[in-house]
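Encoded as structure tokens, the structure appears first; notes follow it.
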Amino acid sequence: MEKNKIISGDCIKVIKEFPKNSIDLIITDPPYGDNVGYGFNNKIIKNNKNPLINCQALVECYRVLRKNSSLYLFTNWKNYPFLTEFILRYTNFKIRHLIVWKKHNFGLGWAFRHQYELVLVLEKGKPKYNLKNFSDVQTCSHINHNDKTHPHEKPIDLIMKMIEHSSREGDLILDPFCGSGAVCVACREMDRNWIGIELDEKYVEMAGGKTQLNFVGGKNDR
Ligand SMILES: C[S@@+](CC[C@H](N)C(=O)[O-])C[C@H]1O[C@@H](n2cnc3c(N)ncnc32)[C@H](O)[C@@H]1O
């Protein structure tokens, strides 16, 4: 299994090729399945019509995650009930906690403007956590996006906090829906190994540019 690569492809198929228990931590931000377009550019990401993509990915993630490890899953209030119901009924993950990511400013919207997102913490076995002061409300600015950026780019600072809490140097961290590669960049900053998977070629290019590293698969094989 090649490390420190953005893999171009469908994560459901790609992860099936990974050995069991090979990943130390998963941090991911899948399409929420609500078919919403974001920002002034009304961008719609791939698979955002398909809430089941999360479920399929979780089943594969459980298999490859090492025992006593965690998975941080971004979600929102609309998708949360469906997702937790699925996790409890159809996976072996334990739901350990729900983190609220509070943004400094509120975003676009009408009548009720968005100022938070949710992150589910799932466990396989009994993971250890490194920090004694990890609040379940994390405050961090969101990333403004424009027509050249990914509409869901997540802040590196927030992801670094999760990495610090749930991994050690040299660990291998997976983001199956890596978008612009924020998780991969955070891993690189913190001397963790990483694998990012992304279906949309334009974001594979973007993530590859950010991580200044290699692509594998699809037309980006180089
Ligand atoms: C919410 S975005 C992730 C954004 C990312 N957290 C960032 O900071 O840029 C979800 C990403 O999953 C990708 N995606 C959708 N279906 C996929 C699949 N089956 N396999 C891999 N990536 C997929 C989309 O193209 C989109 O870029």
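In each ligand, atom 1 is the first atom listed, and ligand 1 is the first ligand listed.
- Using a 4.0 Å cut-off to heavy atoms of D200, the atoms of ligand 1 that qualify are 25 (O).
- Seen from the ring of Y62, K124 counts as a face-on cation partner, given the 6.0 Å and 45° thresholds.
- Side-chain contact between H104 and T139: present, with at least one pair of heavy atoms (C-beta onward) separated by less than 4.5 Å.
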**Report entry** Intermediate values then yes/no, side chain to side chain donor-acceptor pair (under 3.5 Å), D136 and H97
**Finding:** CA-CA 8 Å; D136 60 8; H97 215 94; 2.9 Å; yes
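- Side-chain contact between K3 and W194 is absent, with no heavy-atom pair separated by less than 4.5 Å.
- Only the side chain of I53 comes within 4.0 Å of ligand 1, judged by heavy-atom distances.
- Residue K46 approaches ligand 1 through these ligand atoms, each under 4.0 Å from one of its heavy atoms: 15 (C), 16 (N), 25 (O).
- The ligand atoms of ligand 1 that sit less than 4.0 angstrom from a heavy atom of P31 are 15 (C).
- Looking only at protein heavy atoms, the nearest one to atom 14 (N) of ligand 1 is F177 CD2, 3.7 Å.
- In terms of polar-atom proximity, H150 is counted as a contact of ligand 1, with an N or O under 3.5 Å from an N or O of the ligand.
- Among all non-hydrogen protein atoms, the one lying nearest atom 8 (O) of ligand 1 is K154 N, 2.9 Å.
- Screening L73, L122, V121 against I95 for a side-chain contact (heavy atoms from CB on, under 4.5 Å) leaves a single residue, L122.
- In terms of polar-atom proximity, E198 is counted as a contact of ligand 1, with an N or O under 3.5 Å from an N or O of the ligand.
- Under 4.0 angstrom from ligand 1, there are no non-hydrogen atoms of A207.
- C11 N, 2.9 Å is the protein heavy atom nearest to atom 20 (N) of ligand 1.
- In summary, the atoms of ligand 1 found under 4.0 Å from a heavy atom of Y203, numbered by their order in the structure, are 27 (O).
- With ligand atoms numbered from 1 in the order given, ligand 1 contributes 21 (C), 22 (N) to contacts under 4.0 Å with heavy atoms of P176.
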Report task. Check the pair E201 / S8 against side chain to side chain donor-acceptor pair (under 3.5 Å), numbers first and verdict last. Result -> CA-CA 7 Å; E201 282 292 333; S8 169; 3.0 Å; yes
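- The backbone of C178, and not its side chain, has at least one atom closer than 4.0 Å to an atom of ligand 1 (non-hydrogen atoms only; backbone = N, CA, C, O).
- In this structure, R192 does not pair ionically with D171, as no charged nitrogen and carboxylate oxygen lie closer than 4.0 Å.
- For atom 4 (C) of ligand 1, the nearest protein heavy atom (residue, atom name, distance) is D29 OD2, 3.4 Å.
- You'll find the ring centres of Y129 and F134 outside the 6.0 Å limit.
- Interface atoms of ligand 1 facing G9, defined by a heavy-atom separation under 4.0 Å, are 20 (N), 21 (C).
- A salt bridge is absent between E205 and K202: the closest approach of a Lys/Arg side-chain nitrogen to an acidic carboxylate oxygen does not fall below 4.0 angstrom.
- Here the heavy atom of the protein found nearest to atom 16 (N) of ligand 1 is N47 ND2, 2.9 Å.
- Set against the non-hydrogen atoms of I45, the atoms of ligand 1 under 4.0 Å away are 1 (C), 2 (S), 10 (C).
- Considering backbone and side-chain atoms together, L199 places an N or O closer than 3.5 Å to an N or O of ligand 1.
- If you number the atoms of ligand 1 from 1 as listed, the ones under 4.0 Å from a heavy atom of A182 come out as 8 (O).
- Comment: K154 engages E117 in a salt bridge, judged by a side-chain N to carboxylate O separation of less than 4.0 angstrom.
- Here the shortest heavy-atom pairing between N54 and N79 reads ND2-ND2, 3.7 Å.
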